[in-house]
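A note on names: the letters A, B, ... follow the listed sequences, proteins ahead of strands, and every chain is numbered from 1. This one's a predicted model, so the numbers in the text were calculated from it and none came from an experiment.
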Protein chains: 2
Amino acid sequence: MKKTEIRKPTIREVAKLARVGLMTVSRVINNHPSVRASTRKKVEAAIVQLGYQQNEAARLLKGQRARMIGLIVPDLSDQFFAACAHTVQHLARADGYMTLVVSSERDADLEFQQAELMASRKVSGLLIVTSTKAGDERLQALQDTGLAIVAFDRPLPGVDTDCVLVENRGGAEAAIAHLIQHGHKHIACVGYDEETYTVYERLQGYLSRIHGAKLKPQTAFGLSTLDDVRNWLTAALAGKNRPTAIFSVNHRTSIYLLQALSELKLRIPEDMALIGFDDFDLAAVLNPPLTTVAQSPVELARRAMGLLLAGIQGMQNGVSSSPAKILLPAKLMIRASCGPHEAQKS
Amino acid sequence: MKKTEIRKPTIREVAKLARVGLMTVSRVINNHPSVRASTRKKVEAAIVQLGYQQNEAARLLKGQRARMIGLIVPDLSDQFFAACAHTVQHLARADGYMTLVVSSERDADLEFQQAELMASRKVSGLLIVTSTKAGDERLQALQDTGLAIVAFDRPLPGVDTDCVLVENRGGAEAAIAHLIQHGHKHIACVGYDEETYTVYERLQGYLSRIHGAKLKPQTAFGLSTLDDVRNWLTAALAGKNRPTAIFSVNHRTSIYLLQALSELKLRIPEDMALIGFDDFDLAAVLNPPLTTVAQSPVELARRAMGLLLAGIQGMQNGVSSSPAKILLPAKLMIRASCGPHEAQKS
DNA sequence: CTGAAAGCGCTAACAA
DNA sequence: TTGTTAGCGCTTTCAG
């Protein structure tokens, strides 16, 4: 209630203290070259003395971009995306950016709407794991506005951006090869949401290997609940081409599978071999330890941020090189859910 | 490169189209009461027609607060906090706020620094899971500036804010009571970072029940790696008061315990009973299913957001009621890691 | 190399 | 109830 409100110092007061004009201060702040070294010294001293900090609102009003980046993921409560968000935010901070995080709830419209909101807040860049199936030119418009955009985990259909992807297909192929090495002839592939890019790619990898080995593919998608999984499993076991191994392309499905298998008193790997896409910290603790295909969310996010920061630079300098595409490896983590190691000798 | 840059419509153009003064438009936007209904209609029509959107930068410059809230958690890649962040961001969006998310990496200084940065960005409110051990009056200063602050999961020492906490102590007591009912006399309590509020509370709950039953407490903290856990476990098993049950107050420690136990070929619950604080989706799938003390990150975040939104309202109206304190229950999820249910009859 | 003037889009305070 | 004036703190002209 006192009259002595602690007003933040402005560029004006810095100028007064340094006995120079406003513009000189502004130039110093923005590292403009045409300032004599001695003058710059004075101004810098004044800045320190006053503890001056730029007022972002004023800069925004003049049309500059905020030192913020936006991150949009399908589901922030998902372990994988949470790890991405953590890394992104960490790296952003190191570069003086704050991070606006949004979960699109796998809704393409919401995703776009939020992207637009972020753009209107003048973020410098946008990192996005899209939930769009069809191409969405609307994002292209944002990019043309001078907003740097990087897609990761999934490409942005219809928009020509930098992107960082994982070798989903290769990872799946490695998994199936492993199963085949173990002598399996009936390998099922299950998951949900096969329209998602990553899942689709994994499915393609599965199919490619299965066909390559002249085996019969056996797939089931849309298995998004424990009940779904249980039902499918009992049906599959009763069917004629009873699978002896399952490749699960979604983390959630893997968990349900584990549960359903346990309920049905089926032993892993004796009665059923299992490989899950996406590693998780408990995989090694399970009984038996689960063989998985691992991808690194940290590396994914790190590379994406690298591209984004470069993109922001590029936008500022008006440089626009052709979009970079990075492909990260997926690694098969061989544990015990496909049987003993020995079997590996074909 | 065309001259027709798509400039966003301003309040001025809306005014022109609606044939009113600037202020009238401003008033309509801000729901100021003194605008005739008919006038408001006209303005609203113009707003829609032009697709006008407020320019936040300009408002900020006039000293208003941004429609953003800040969220600071110790570690965003932690499942629990990720779930909190997801809920917060979801609720914030529903109220038209964007969310600035930061991981403090359990560093009190970084936490404060980020809080200050958010404040300088004029966020309307701050949600924070503190990593401060000692009191930190610096945050109090921010609050006095007119920033709404709500602490959750852990209270903010030295700052008088709203806060939402979980019954950590009660949850721990329930866990120990359960173990005692099962006839255990040697119950160890392990974890790391006992200085953290939540862990400390759990420890107190453990101690209180152990003493109440005239048993000897046996605690070990600082167990932050698998090696730590393994070493402690082998030592404890060799000791004279060999524990028959373990209460793990940290999720991570529980996982390591599971792993170490498995390595040592100890069966759960026959050779060692186990209860972990913090539930997780795989707990039910483990072999055997793990008994845990569950708390709901979603509910925690939901209540915190409720308080924050109310607090923001309060700040705007200059109302300042005494801080609200909410205590949420923790629930014992009885599964099979402490032995058969029957044993419950004391 | 430096400085003065002119706003960016908005709202608080006053007039009408 | 409405409109007018005066900036918020900064950067982009354009002169010196």
Side-chain angles (χ1 to χ4, degrees), chain A residues 5-44 46-47 50-67 119-122 124 145-146 316 318, chain B residues 5-44 46-47 50-68 119-122 124 145-146 316-318:
Chain A
E5 274 259 352
I6 325 106
R7 301 195 63 71
K8 282 211 173 171
T10 77
I11 196 181
R12 177 170 259 107
E13 314 177 31
V14 175
K16 198 177 297 171
L17 181 61
R19 311 180 137 281
V20 295
L22 302 203
M23 270 321 293
T24 308
V25 179
S26 175
R27 288 195 181 97
V28 171
I29 294 166
N30 300 311
N31 287 316
H32 200 93
S34 51
V35 177
R36 203 185 311 159
S38 61
T39 319
R40 163 158 294 159
K41 278 265 157 54
K42 278 198 301 184
V43 175
E44 275 164 353
I47 287 179
L50 260 35
Y52 168 80
Q53 285 179 229
Q54 285 208 235
N55 179 306
E56 181 147 70
R59 303 188 37 168
L60 288 196
L61 197 51
K62 287 305 264 184
Q64 324 240 125
R65 291 207 163 268
R67 272 198 97 72
S120 82
R121 279 225 160 65
K122 294 290 182 180
S124 297
T145 301
Q316 284 170 351
Chain B
E5 275 257 353
I6 326 106
R7 300 195 62 72
K8 282 213 174 171
T10 75
I11 197 180
R12 176 170 261 107
E13 313 178 33
V14 175
K16 198 177 297 171
L17 181 62
R19 312 180 139 280
V20 296
L22 300 202
M23 270 320 290
T24 308
V25 178
S26 175
R27 287 192 182 100
V28 169
I29 294 165
N30 300 309
N31 287 315
H32 201 91
S34 53
V35 177
R36 205 184 312 163
S38 61
T39 320
R40 162 159 293 158
K41 277 265 156 56
K42 279 198 302 185
V43 175
E44 276 164 354
I47 287 178
L50 260 36
Y52 167 81
Q53 285 179 226
Q54 283 208 231
N55 179 307
E56 182 149 70
R59 304 188 35 170
L60 288 196
L61 197 51
K62 287 302 278 183
Q64 324 242 121
R65 292 208 161 266
R67 273 199 92 74
M68 288 199 289
S120 81
R121 278 225 158 66
K122 294 291 181 181
S124 297
T145 301
Q316 285 171 349
N317 310 338

Measure from [atom1] on [X] to [atom2] on [N] and round the result to the nearest Å.
X	N	atom1	atom2	value
A:R36	C:dC1	CZ	C1'	7 Å
A:R19	C:dT2	CZ	P	16 Å
B:E13	C:dC8	CD	P	11 Å
A:R40	C:dC1	CZ	P	10 Å
B:Q316	C:dA12	CD	P	12 Å
B:K16	C:dC10	NZ	P	13 Å
A:H32	C:dG3	NE2	P	14 Å

* Summary of protein contacts for nucleotides 10-16 of chain D, nucleotide by nucleotide, where a base hit scores B, a sugar-phosphate-only hit scores S (4.0 Å, heavy atoms) -> BBB----
* Asked: Between the side chain of B:E56 and the main-chain N/O of B:R67, is any donor-acceptor distance below 3.5 Å?
  ->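 Such a contact is found between B:E56 side chain and B:R67 backbone.
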* So, the side chain of A:S124 versus the backbone of A:A66: is there a donor-acceptor pair under 3.5 Å, distance only? ->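 Looks like yes, one N/O pair under 3.5 Å.
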* Asked: Between B:V20 and B:T39, which heavy-atom pair has the shortest distance, and what is it?
  ->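 Looking at all heavy atoms of both residues, the closest pair is CG1-CG2, 4.0 Å.
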* To do: Give the minimum heavy-atom separation between B:R12 and B:L22, together with the two atoms involved.
  =>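 For B:R12 and B:L22, the tightest heavy-atom pair comes out as CA-CD2, 3.7 Å.
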Kindly indicate whether the side chain of [X], heavy atoms from C-beta on, has any atom under 4.5 Å from the side chain of [Y].
X	Y	result
B:I47	B:I29	yes
A:T24	A:R36	no
A:K8	A:N55	no

* Asked: Across the strands shown, which category fits B:S34 at heavy-atom distances under 4.0 angstrom: base, sugar-phosphate, nothing?
  ->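 B:S34: base contact, heavy atoms under 4.0 Å.
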* Asked: Given the rule in the side chain to side chain contact (heavy atoms under 4.5 Å, CB included) test, do B:M68 and A:R121 qualify, once you have shown the distances and angles that lead to the verdict?
  -> CA-CA 10 Å; B:M68 288 199 289; A:R121 279 225 160 65; 3.8 Å; yes
* If we fit an axis to the first five pairs and another to the last five of the helix from C:dC1-D:dG16 to C:dA16-D:dT1, what angle do they make, to the nearest 10°? ->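 Computed from the C1' atoms at both ends, the axes differ by 40°.
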* Asked: Hey, is NZ on A:K42 packed in by over 12 heavy atoms from elsewhere, all under 6.0 Å?
  ->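 Yes, enclosed.
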* Hey, which of these two, B:T24 or B:L61, hits DNA chain D nearer its 5' end, going by closest nucleotide? ->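 Result: B:T24.
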